[in-house]
Amino acid sequence: MVREISSCLSLRGEISPPGDKSISHRVVMLNAIAEGRATITNLCPGDDCISTIRCLRALGADIHFDLDDPMKVTIHGTGSHGLSEPLDILDAGNSGTTMRLLAGLLAAQPIFSIITGDSSLRSRPMGRIVTPLRMMGANIAGRAQDTLPPLAIHGQKLQGITYKLPIASAQVKSAIILAALFSEGSTKIIEPVVSRDHTERLLQAMGATIHNKEDIISIDPLDKPLKAISGGIPSDLSAAAQWLVAGAIHPNSHIEMRGVGLNPTRTGIIEVLLQMGANLKTYNMRTEGGEPVADVVIESSQLRGARINGELIPRLIDEIPLLAVAASFAEGPTVISGAEELRHKESDRLATTAEELLKLGARIEELPDGMMIHGGTKLHGAKCSSHNDHRLAMAIGVAGLIAEGRTEVHQAEAVDISYPTFWQDMETLGGKMLQ
């Protein structure tokens, strides 16, 4: 599918971004192995979360969508009965979160399973979870010397370990945590930099013994089933970030969003935009479902370049293509470093972001672990590809709102992975969709 965008006179209105994708995966997965019934509202409707639900159903979980609300689900947990051996191969689609977290969970279940995914997911590195799970005693194998999917898992009893993550990764951390719940003895995970902590927050609320002390997470095996927990999921900050950047770089904008998740392990995008001079305000701070949320307003801003590196990177890793767009409209240079993890996403996001923004006229240089962007250049419309990467599709779309002329986004349907209503929300705010 091709979406054609032209610059618009203004961006104004109120938007409700979809439920947080990272939390949605974890809420569904943890309630599926809990005891009791949970009702979840504002679930992320993206394809990735549907992949998680499809896999859990194949493992015996009872999950039903509300007929009147596609973002509301009821989950009857398997509790002490445990997951069932699937009759067929589990398909994680394009979702690395689904594959990595399920691998950790299934490694400790007394069943056999195989997890695969689409061509993109089958090229993404899995050695980073295979190594620690094998240290715990897991029987897990994959292609390319056990580094690529599909993954075949013979679940068995595991042992707790102490493991230092080579790189900060919430997915790898969560895979180990899920395995540790069903292991013998405690497990400790040491992070080089603190990454998003949604798994830890949910497990604590559901009755697990898990402790965070700076960069060390300690997990005790479950002595009783997790307790199912109902609630609403906050709006996804990574989705809201599209409009934060669009509002900051557009010369005539005022955008409001309510109930946006502001977990401190995710707010790097807000910190950087404020550092760059964005007219961004958060208010009505509150806690919902154990997660901090707030309402957010963004208005037209005069941005300046910034250096983005270090501990900030894990807290805005998904927003870096978008920040490259913001930097193109800023005064002065922006340097992003320490982001080599982006080479292992749905696309090589360092290479593809540079490639597509160059088409639009940005002065951007790909670095081994990041990008350098020289701001202050007027962008012009061009034919661009999403490379079937949802983050890149949205970043190009945002750039197209300000670029002169028409911008084409090919494979625009990639947004369905995390934000199916992205193009409609763009129109709601005043964006011109020509096709």
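In this chain, residues are counted from 1 in sequence order. These values consider heavy atoms only, across backbone and side chains, with no hydrogens, waters or symmetry-generated copies.
A salt bridge does not link Arg304 to Glu331: none of the charged side-chain nitrogens sits closer than 4.0 Å to a carboxylate oxygen. A salt bridge links Arg349 with Asp389: the distance from a Lys NZ or Arg NE/NH1/NH2 to an Asp or Glu carboxylate oxygen falls below 4.0 Å. Taking a cutoff of 4.0 Å between a charged side-chain nitrogen and a carboxylate oxygen, Arg3 and Glu413 do not qualify as a salt bridge. With salt bridges taken as basic N to acidic carboxylate O contacts below 4.0 Å, none links Glu191 and Lys164. Between Glu340 and Arg343, none of the side-chain N atoms (NZ, or NE/NH1/NH2) sits under 4.0 Å from a carboxylate O, so this pair counts as no salt bridge.
Every pair passing salt bridge (Lys or Arg N to Asp or Glu O under 4.0 Å) that includes a residue from residues 131-145 is listed here, sequence neighbours excluded: Arg134-Asp146.
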Side-chain donor-acceptor pairs under 3.5 Å in residues 367-379, sequence neighbours left out?
| unit_1 | atom_1 | unit_2 | atom_2 | d |
| --- | --- | --- | --- | --- |
| Asp369 | OD2 | Gly338 | N | 2.9 |
| Thr377 | OG1 | Arg363 | NE | 3.1 |

Identify each donor-acceptor pair in which a side-chain atom of residues 276-284 lies under 3.5 Å from a protein atom, sequence neighbours left out, and give them as a table.
| unit_1 | atom_1 | unit_2 | atom_2 | d |
| --- | --- | --- | --- | --- |
| Asn279 | ND2 | Ser300 | O | 2.5 |
| Tyr283 | OH | Arg258 | NH1 | 3.0 |
| Asn284 | ND2 | Asp295 | OD2 | 3.1 |

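Heavy atoms from other residues, nucleotides or ligands lying under 6.0 Å from CD of Gln145 number 12 at most. The number of heavy-atom neighbours closer than 6.0 Å to NZ of Lys188, taken from other residues, nucleotides and ligands shown, is 12 or below. Within 6.0 Å of CD in Gln159 there are more than 12 heavy atoms belonging to other residues, nucleotides or ligands.
Every residue two or more places apart in sequence or in another chain that forms a ring pair (Phe, Tyr, Trp, His ring centres under 6.0 Å) with Phe422 is listed here: Trp243, Tyr419. For Lys383, the side-chain contact (heavy atoms from CB on, under 4.5 Å) test picks out Glu408, His410, with sequence neighbours left out. Residues meeting the side-chain contact (heavy atoms from CB on, under 4.5 Å) test with His154, sequence neighbours left out: Phe112, Asn139.
Of the listed residues (Arg196, Arg266, Lys21), just one forms a salt bridge (charged side-chain N to carboxylate O under 4.0 Å, His left out) with Asp318, and that residue is Arg196. Considering Leu237, Ile15, Leu244 in turn, Leu244 is the only one that fulfils the side-chain contact (heavy atoms from CB on, under 4.5 Å) rule with Val296.
When all heavy atoms of Ser238 and Glu319 are compared, the pair lying nearest together is OG-OE2, 2.6 Å.
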